[in-house]
Amino acid sequence: EAGVAQSPRYKIIEKRQSVAFWCNPISGHATLYWYQQILGQGPKLLIQFQNNGVVDDSQLPKDRFSAERLKGVDSTLKIQPAKLEDSAVYLCASSLGTGGTDTQYFGPGTRLTVL
Amino acid sequence: GEDVEQSLFLSVREGDSSVINCTYTDSSSTYLYWYKQEPGAGLQLLTYIFSNMDMKQDQRLTVLLNKKDKHLSLRIADTQTGDSAIYFCAEKAGGYNKLIFGAGTRLAVHP
């Protein structure tokens with residue numbers, strides 16, 4: 001079974017530029033998550049989709065971050081414009097559903113460096 | 001509020017047992033998890049425990065839960081060099097499977 005795919009793996013941009021990350025979840029997984037992991041910290045949930053609808057975006061900085069999951073499968077996360085403090089690893093995860101035993105499977109992440 | 005805390009670093013000798021500790025604040029958490037992260041990789045679920053359990057064992061892994069003190073621990077028996085990684089404790093918060101992670105404990109295994 002293929003895992004969660006993310007691209008690119010690394011991205012370096014200058015502040016005020018835009019950047020987009022892509023995630024393809026495990027086939028059949030209805031729930032998709034985007035996490036931000038700053039160096040030395042645990043992942044923090046940015047946004048969660050159930051199929052193509054948003055169920056939690058309470059910690060998404062909506063003035064600069066946006067995400068979509070148009071057909072309920074793959075998803076993109078965009079930052080526009082980027083700030084220095086956005087330097088982090090962006091992790092995508094997926095699960096079958098939202099039950100406590102529905103394991104979240106994580107992709108390898110995209111490491112973003114903002115100069 | 002929701003908060004998960006862990007000690008940041010643990011060093012053990014190969015073959016010894018490792019114990020990684022975690023405290024959480026949300027008493028309504030129904031599930032608690034341990035994830036492992038190796039360099040350059042995403043997180044891998046190791047095990048989880050339901051809040052009505054005190055202990056769960058899975059091969060070399062033992063999870064202990066003290067719900068009264070909101071304390072969770074992960075014991076790794078016969079620790080190997082391949083166990084060197086960062087271990088994250090997480091609690092399920094809310095109704096949509098949202099996970100709140102601790103900052104992670106870096107486990108270093110030396111010969």
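Every chain is numbered from 1, with letters handed out A, B, ... down the list of sequences. Because the structure is a prediction, the values reported are computed rather than measured.
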Please flag which part of [X] lies under 4.5 Å from any non-hydrogen atom of chain B: side chain, backbone, both or neither.
X: A/Arg9; value: side chain
X: A/Ser58; value: side chain
X: A/Gln6; value: neither
X: A/Gln48; value: side chain
X: A/Thr101; value: both
X: A/Asp102; value: both

Common cluster, [X]/[Y], ILVMFWY with side-chain heavy-atom separation under 4.5 Å:
X: A/Val54; Y: A/Leu60; answer: yes
X: A/Ile26; Y: A/Val73; answer: no
X: B/Leu46; Y: B/Ile76; answer: yes
X: B/Leu61; Y: B/Val109; answer: yes
X: A/Leu112; Y: A/Phe65; answer: yes

**Asked** After noting the C-alpha distance and the side-chain angles of B/Tyr35 and A/Gln104, does the key distance pass the side-chain contact (heavy atoms from CB on, under 4.5 Å) rule?
**Response** CA-CA 10 Å; B/Tyr35 278 82; A/Gln104 292 189 29; 3.6 Å; yes
More than 12 heavy atoms from other groups under 6.0 Å of [atom1] on [X]:
X: B/Lys68; atom1: NZ; value: no
X: B/Lys56; atom1: NZ; value: yes
X: A/Glu85; atom1: CD; value: yes
X: A/Leu115; atom1: CG; value: yes

**Request:** Kindly give the heavy-atom pair with the smallest separation between B/Phe88 and A/Gln41, and that separation in Å.
**Result:** CE2-O, 4.0 Å
**Message:** Quick check on the interface: out of A/Val55, A/Leu91, A/Asp56, who has the most heavy-atom pairs with chain B under 4.5 Å?
**Reply:** A/Val55
Engaged part of [X] at the chain A interface, taking heavy atoms whose separation is under 4.5 Å:
X: B/Ile86; result: neither
X: B/Phe50; result: neither
X: B/Gln37; result: side chain
X: B/Leu43; result: both

**Prompt:** How long is the span from the OG atom in A/Ser95 to the CG atom in B/Leu45, to the nearest 0.5 Å?
**Reply:** 11.5 Å
